[in-house]
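Since the structure comes first, as structure tokens, the remarks are kept for the end.
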Amino acid sequence: MLQVSQLKENTQESIDKLNKKNYKDADAAVAEVIKLDDDRKSVQTNLDNLLAEQNNLAAQIGELFKQGKKDEADVLKQKTLELKEQSKTLVVELAEAEKNLYDKLVLLPNLPHSSVPFGKTPQDNEVVYEHGEIPKLYDKATPHWELTTKYDLIDFELGVKLTGAGFPVYKNKGAKLQRALINFFLDEAEKAGYIEVQPPILVNEDSGFGTGQLPDKEGQMYHCTVDNFYLIPTAEVPVTNIYRDTIQKKEDLPVKNTAYTPCFRREAGSYGKDVRGLNRLHQFDKVEIVQIANPENSYTILEEMRSYVAGLLQKLELPFRTLRLCGGDMSFASALTYDMEVYSAAQEKWLEVSSVSNFESFQSNRLKLRFRDEDKKTKLCHTLNGSALALPRIVAAILENNQTEKGIKIPSVLVPYTKFEWIN
RNA sequence: GGUGAGGUGGCUGAGUGGUCGAAAGCAGCGCUUUGCUAAAGCGCCGUAGUCCAAAAGGCUACCGAGGGUUCGAAUCCCUCCCUCACCGCCA
């Protein structure tokens with residue numbers, strides 16, 4: 001959620017930035033939010049004055065009672081009753097004014113960073129970095145969904161039996177490869193200074209709200225209605241919410257966390273070859289990195305995170321590219337997002353395996369996640385997160401890109417974790 | 001699932017109708033004392049909204065949440081949520 005003060009102080013700039021995100025009628029929307037905030041403020045002031053008067057009278061009445069001047073007290077009592085009626089009305093008005101403001105404010109997406117390219121579709125994303133050669137596969141190379149069957153690594157049908165489509169069962173070396181990747185990613189994150197946490201994978205409504213999944217994107221999460229819990233779509237939700245309603249010490253920033261969790265996404269309406277095999281699942285594993293930063297250096301940190309993730313992909317010897325997402329392709333809450341895509345050679349397509357974003361204060365505003373500045377005032381932190389990495393598509397790319405007539409070669413960096421060099 | 005206890009500031013914890021935004025202690029910050037450390041003394045020390053150019057300061061709200069009683073509620077009443085303990089069940 002944006003801060004009204006941002007919009008007030010930099011009105012034209014905010015409008016321009018909203019336009020970059022292809023937000024319709026940005027100028028009218030911003031003007032309305034500012035007006036609604038002024039309305040809210042004036043009602044608040046009126047109410048505060050009225051309450052002050054009532055408090056004052058109540059104190060006088062107390063004093064009169066003590067002195068035994070009951071008659072005088074009764075006169076004042078009468079007066080407070082009138083004030084009370086008035087303030088009741090204002091309380092209702094204030095609630096309305098706050099709701100009106102909130103309803104409009106939550107519709108506004110985060111303002112994109114100045115480096116974000118204009119554009120509407122994924123075609124407009126800017127390739128900022130490419131690494132590695134596109135591998136030339138041998139004649140009989142096949143997509144990963146055939147390899148997983150051939151080598152008995154993943155059983156998609158069995159998952160259908162147990163749960164449904166999109167819940168694969170990993171087996172044998174397929175299961176071990178998963179475990180190896182998780183441990184590799186966590187070890188790397190630890191080396192880079194991220195503190196590991198193991199959060200719950202069910203969260204309550206407050207947490208869903210804090211990171212912005214609720215109320216709008218309720219449909220993307222699995223909901224346990226009996227207990228009103230949600231299965232997390234990403235570790236970002238529980239990990240970032242650790243810091244909800246806190247005031248961090250400035251010297252403790254940035255806070256760096258990493259977490260491995262399963263992730264659950266309903267992804268309603270998806271079909272076709274985009275969801276074939278491991279490309280899109282309802283349950284998948286992911287290691288996430290999260291940072292809570294001082295606004296002063298959050299963009300330096302974003303670049304660090306980007307190069308950290310790039311380093312992982314290099315170590316895994318996967319060809320990849322980094323995209324700076326255009327205004328139209330960015331998520332609602334992000335100010336700047338880099339997507340990392342690996343090339344999946346048998347499918348001959350790029351697969352998104354990581355998304356690294358700076359949300360600036362958009363999330364922390366909702367989370368009430370602050371730090372104390374030199375002048376002892378509280379300010380909103382910046383929140384950042386990134387996948388490091390999402391497993392299924394990494395597995396897909398490893399299987400496809402490394403397939404040979406002799407079998408599938410495990411990237412050497414993983415061998416200490418898998419304890420085998422080949423899948424054959 | 002059953003029974004009981006309880007939710008107060010960073011923590012511990014007092015507070016059963018006005019003088020309570022809240023005692024006291026701990027932690028933290030500043031100063032004094034001190035060869036250093038420690039100890040001691042003094043002062044400061046919740047969040048948010050709003051007024052003021054800003055500081056100082058003023059006003060308002062917040063003692064789990066929401067209602068109610070009252071001129072006045074942390075305190076009384078109702079509803080809900082949560083936590084803890086014990087028992088049962090499961091691992």
Side-chain angles (χ1 to χ4, degrees), chain A residues 1-9 33-102 104-105 198-210 214-215 223-230 238 241-253 255 292 361 363-381:
Chain A
M1 190 161 59
L2 290 172
Q3 301 169 78
V4 181
S5 58
Q6 275 176 292
L7 302 175
K8 275 192 178 167
E9 283 157 28
V33 164
I34 292 175
K35 183 192 167 293
L36 289 172
D37 187 58
D38 289 339
D39 291 350
R40 189 210 98 237
K41 215 184 275 189
S42 93
V43 176
Q44 174 93 61
T45 305
N46 289 340
L47 178 60
D48 284 355
N49 290 339
L50 212 52
L51 290 174
E53 209 176 325
Q54 283 178 55
N55 288 343
N56 194 285
L57 286 174
Q60 287 180 42
I61 290 169
E63 196 53 39
L64 289 171
F65 267 120
K66 250 181 220 167
Q67 298 170 8
K69 300 177 179 170
K70 195 168 175 306
D71 294 345
E72 287 180 44
D74 283 341
V75 175
L76 290 185
K77 267 196 200 179
Q78 199 53 42
K79 203 169 166 191
T80 55
L81 287 176
E82 290 164 25
L83 294 176
K84 212 170 159 185
E85 280 309 306
Q86 291 176 40
S87 58
K88 262 187 190 168
T89 318
L90 282 178
V91 166
V92 174
E93 267 182 52
L94 180 62
E96 277 171 13
E98 280 172 347
K99 185 172 187 306
N100 290 341
L101 172 64
Y102 175 83
K104 294 295 174 192
L105 197 55
Q198 261 192 47
I201 58 179
L202 287 172
V203 293
N204 60 26
E205 240 175 302
D206 286 346
S207 296
F209 178 83
L214 296 175
H223 187 194
C224 307
T225 51
V226 175
D227 295 294
N228 199 25
F229 293 147
Y230 293 86
N241 271 282
I242 290 173
Y243 305 99
R244 164 155 53 88
D245 266 315
T246 62
I247 300 174
Q248 298 295 312
K249 288 184 188 149
K250 193 185 171 195
E251 60 268 28
D252 290 345
L253 299 178
V255 173
I292 312 296
S361 58
Q363 285 184 328
S364 58
N365 193 24
R366 276 200 184 196
L367 290 160
K368 297 204 174 63
L369 166 48
R370 295 151 294 171
F371 71 101
R372 206 175 294 283
D373 209 359
E374 294 78 18
D375 53 5
K376 292 195 167 183
K377 286 192 175 155
T378 59
K379 283 189 181 170
L380 294 173
C381 297

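Throughout, a chain's letter reflects where its sequence line sits, starting with A, and its residues are numbered from 1.
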Query raised in the report: Of the options A:K41, A:K35, A:R40, which is the one that meets A:D37 in a side chain to side chain donor-acceptor pair (under 3.5 Å)?
Result: A:R40
Query raised in the report: On a whole-Å scale, what distance lies between the C1' atoms belonging to B:A54 and B:A38?
Result: 42 Å
Query raised in the report: Looking only at atom P, what distance separates B:A74 and B:C82, rounded to whole Å?
Result: 25 Å
**Report entry** Rounded distance (Å) that lies between atom C1' of B:C80 and atom CD of A:E205
**Finding:** 14 Å
Query raised in the report: Which whole-number value in Å describes the distance from A:K377 NZ to B:G49 P?
Result: 11 Å
Report summary line: Taking a pair to mean Watson-Crick or G-U wobble geometry with both distances below 3.5 Å, B:A39 pairs with none
Report task. Take atom C1' in B:C42 and the same atom in B:U47, then report the distance between them in whole Å. Result -> 27 Å
Query raised in the report: Mind checking the P distance from B:C44 to B:A23? Whole angstroms is fine.
Result: 12 Å
Requested in this report: Select one nucleotide: of B:C71, B:A61, B:G49, the one nearest the side-chain heavy atoms of A:D48.
Outcome: B:G49
Query raised in the report: Using a cut-off of less than 4.0 Å, is there contact between a side-chain N or O of A:R372 and OP1 or OP2 of B:G10?
Result: no
Query raised in the report: Between A:K84 and A:K88, which is nearer to the 5' end of RNA chain B once each is assigned its nearest nucleotide?
Result: A:K88
Query raised in the report: With nearest nucleotides of RNA chain B determined for A:T80 and A:K41 from heavy-atom distances, which residue corresponds to the more 5′ nucleotide?
Result: A:K41
**Report entry** Who pairs with B:U12 - Watson-Crick or G-U, where each distance is under 3.5 Å
**Finding:** B:A24
Report task. State whether A:K77 places a side-chain N or O below 4.0 Å from either non-bridging phosphate oxygen (OP1 or OP2) of B:G72. Result -> no
Report summary line: B:U19 -> Watson-Crick or G-U wobble partner, both distances under 3.5 Å, gives none
Query raised in the report: Over how many whole Å does the gap from A:Q44 atom CD to B:C59 atom P extend?
Result: 16 Å
Query raised in the report: Roughly how far apart, to the nearest Å, are B:U16 and B:G64 at atom P?
Result: 15 Å
Report task. Could you please name the partner base of B:U47, counting Watson-Crick and G-U wobble pairs only when both distances are under 3.5 Å? Result -> B:A61
Query raised in the report: Do the side-chain N or O atoms of A:T378 get closer than 4.0 angstrom to the phosphate oxygens (OP1, OP2) of B:A48?
Result: yes
**Report entry** Integer-rounded Å distance: B:U47 P and A:R370 CZ
**Finding:** 8 Å
Query raised in the report: A:A58 side chain: which of B:A61, B:U50, B:C71 is closest?
Result: B:C71
**Report entry** Partner nucleotide, any strand, of B:U83 [Watson-Crick/G-U, under 3.5 Å]
**Finding:** B:A5
Report task. Check the distance between B:G49's C1' and A:D38's CG and give it to me in whole angstrom. Result -> 14 Å
Query raised in the report: So, does the side chain of A:N55 form a donor-acceptor pair with the base of B:G72 at under 3.5 Å?
Result: no
Report task. Give none if B:A73 has no partner; otherwise give the nucleotide forming a Watson-Crick or G-U wobble pair with it, both distances under 3.5 Å. Result -> none
Query - Rounded distance in Å between the C1' positions of B:G7 and B:G13 - result: 13 Å
Query raised in the report: P atom, B:A27 versus B:G21: distance in rounded Å?
Result: 28 Å
Report task. Take the protein atom CG of A:N365 and the nucleotide atom P of B:G49, then report the distance between them rounded to whole Å. Result -> 10 Å
Query raised in the report: Once you round it to whole Å, what is the distance between P of B:G28 and CG of A:D252?
Result: 14 Å
Report task. Starting from P on B:A48, measure out to CG on A:L380 and report it in whole angstrom. Result -> 9 Å
Query - Residue pair A:K250 / A:R372: nearest heavy atoms and the distance that separates them - result: CB-O, 3.5 Å
Query - Mate of B:U34 where both pairing distances stay under 3.5 Å, Watson-Crick or G-U - result: none
Query - Interatomic distance at C1', B:G67 relative to B:U12, whole Å - result: 32 Å
Query raised in the report: Under 3.5 Å, side chain of A:D39 to main-chain N/O of A:A97, donor-acceptor pair present?
Result: no
Query raised in the report: With both distances under 3.5 Å as the test, what is the Watson-Crick or G-U wobble partner of B:G66?
Result: B:C78
